[in-house]
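Some notes on the structure that comes next.
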There are 2 protein chains.
Amino acid sequence: MAGMASRGDSNRQRIVEAADQLFYIKGFNHTSFSDIADAAGVARGNFYYYFKSKDDILEAVIARRADNIREMLAEWDEEYPDPRDRLHRYVAILTNEQHHIERYGCPMGTLCTELSKLEHDRHRDAAEMFDVFREWLEEQFRLLGHADDARELALHLLARGQGVATITNAYRDPAFLRREAVEILRWLDSL
Amino acid sequence: MAGMASRGDSNRQRIVEAADQLFYIKGFNHTSFSDIADAAGVARGNFYYYFKSKDDILEAVIARRADNIREMLAEWDEEYPDPRDRLHRYVAILTNEQHHIERYGCPMGTLCTELSKLEHDRHRDAAEMFDVFREWLEEQFRLLGHADDARELALHLLARGQGVATITNAYRDPAFLRREAVEILRWLDSL
DNA sequence: GTCTATATAATGATAGAC
DNA sequence: GTCTATCATTATATAGAC
């Protein structure tokens, strides 16, 4: 029926999920259609039924990631009434994901950096993934009485995570990550 | 004469310098031989007289960067007798390079991250660029009486710089970089 | 040492059968 | 909607003239 959401979306979804993982593990540029096709179990030629270009797949991947983050934060809001607990939960991403970070860095940071160097049109969209976290972090700091510098605190916290991810990945040193996570929590508690 | 350093090294040097810049601006994978050839003013075919592969050029670029860092740090050691001044000079890299960082991130961090995702053999060598800074930073912290945690402090300082670079690049926001540089100096002075 | 071809492989993208 | 060819382009790398 015209206008109806077409079925067969499972193939589309599998392409986006496979691309999401591969863009994280191998990077956007280095991931080929063949790689995605193999991982998703879909023939190369069929991609162009759902996406008109590789950039279109990238756009879908970024939207998917942003949605996943929003969903996760909404769950945290329900689970943790105290903003301080929410911020602690945020920092716990580092230790929970330490093995992925050790191997591939941060999914947002590394994609943003790559798209920036490619002068890719979607660089701005990628940076908006950070905004989903940033706005949520700002809200928590506001709730804790830091109305004036909520934005600065949120950006600082984002940057701390990025720095830890980059160095952990460069040195393949998850022990460094764990030490820094403790320091970040200490900093939060000192506010 | 056999064993003598061959002349005509100026072409070799121009290739490495052009590759160094382009690997920073466009990334390693996205930089083609044609790009380097155009920038260096050397014919593509002539590359293989000096380097047997693109990876060989990468190796030379990493070695060049490490040498440049060592040279810079040696100059700082002469110019600043006080370890505290040396650490301040290190942080000043951020503000001095703010426009490059805004556009391309950190040369070391972004190359390391990219090579990691490419599973490139030279990832380890790239990480050793960080070591040049790290060992020098450790020495300064030791001189300031932090013998026990010099390594942790050095890694922390490296990570702070990486985080600032990544977020500054993602948001194209040099004002954030300047605020964070002030915070890092405040942290150093509080030790 | 330097250059102009050119080989070879991989990539993103298309055409068209079913 | 899904697939199998296949095209056009680009990339690294080589051969060989000068």
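In what follows, chains carry the letters A, B, and so on, assigned in the order in which the sequence lines appear, proteins first and then strands, with residues in each chain numbered from 1. Just the heavy atoms: all of them, side chains too, but no hydrogens, waters or symmetry mates, feed the values below.
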For A:Gln21, is the CD atom crowded, meaning more than 12 foreign heavy atoms sit under 6.0 Å from it? no
Provide, to the nearest angstrom, the distance between the CG atom belonging to B:Asn29 and the C1' atom belonging to C:dA10. 12 Å
From B:Leu94 atom CG to B:Ile101 atom CD1, the distance as rounded to the nearest 0.5 Å: 5.0 Å
OP1 or OP2 of C:dT2 less than 4.0 angstrom from a side-chain nitrogen or oxygen of B:Tyr49, does that happen here? no
Can you pull out the residues from residues 16-28 of chain A that lie within a 4.0 Å heavy-atom distance of DNA chain D? none
Within residues 32-48 of chain A, which residues have any heavy atom lying less than 4.0 Å from an atom of DNA chain C? A:Ser32, A:Phe33, A:Gly45, A:Tyr48
Would you tell me if any nitrogen or oxygen in the side chain of B:Asn11 comes within less than 4.0 Å of OP1 or OP2 on C:dG1? no
Pick one: which of B:Tyr90, B:Trp136, B:Phe133 meets ring-ring contact (aromatic ring centres under 6.0 Å, His included) with B:Trp76? B:Trp136
Determine whether more than 12 heavy atoms belonging to other residues, nucleotides or ligands lie under 6.0 Å from atom NE2 of B:His100. no
With the threshold set at 4.0 Å, does a side-chain nitrogen-carboxylate oxygen contact exist between A:Glu17 and A:Arg64? yes
So that I can tick it off, tell me whether A:Arg124 and A:Glu128 are bridged by a salt bridge, with the cut-off set at under 4.0 angstrom between side-chain N and carboxylate O. no
Check the side chains of A:His88 and A:Asp189 for a donor-acceptor pair under 3.5 angstrom, ignoring hydrogens and angles. yes
Rounded off to whole Å, could you give me the CG-to-C1' distance for the A:Asp56 and C:dT14 pair? 16 Å
In whole angstrom, what separates A:Ile57's CD1 from C:dA13's P? 8 Å
Rounded to whole Å, NE2 of B:His30 lies from P of D:dT9 at a distance of 18 Å
Compute the centroid of each ring, for A:Phe23 and then for A:Tyr104, and state whether the two points are separated by less than 6.0 Å. no
Interatomic distance, A:Arg12 CZ vs D:dT2 P [rounded to whole Å]: 13 Å
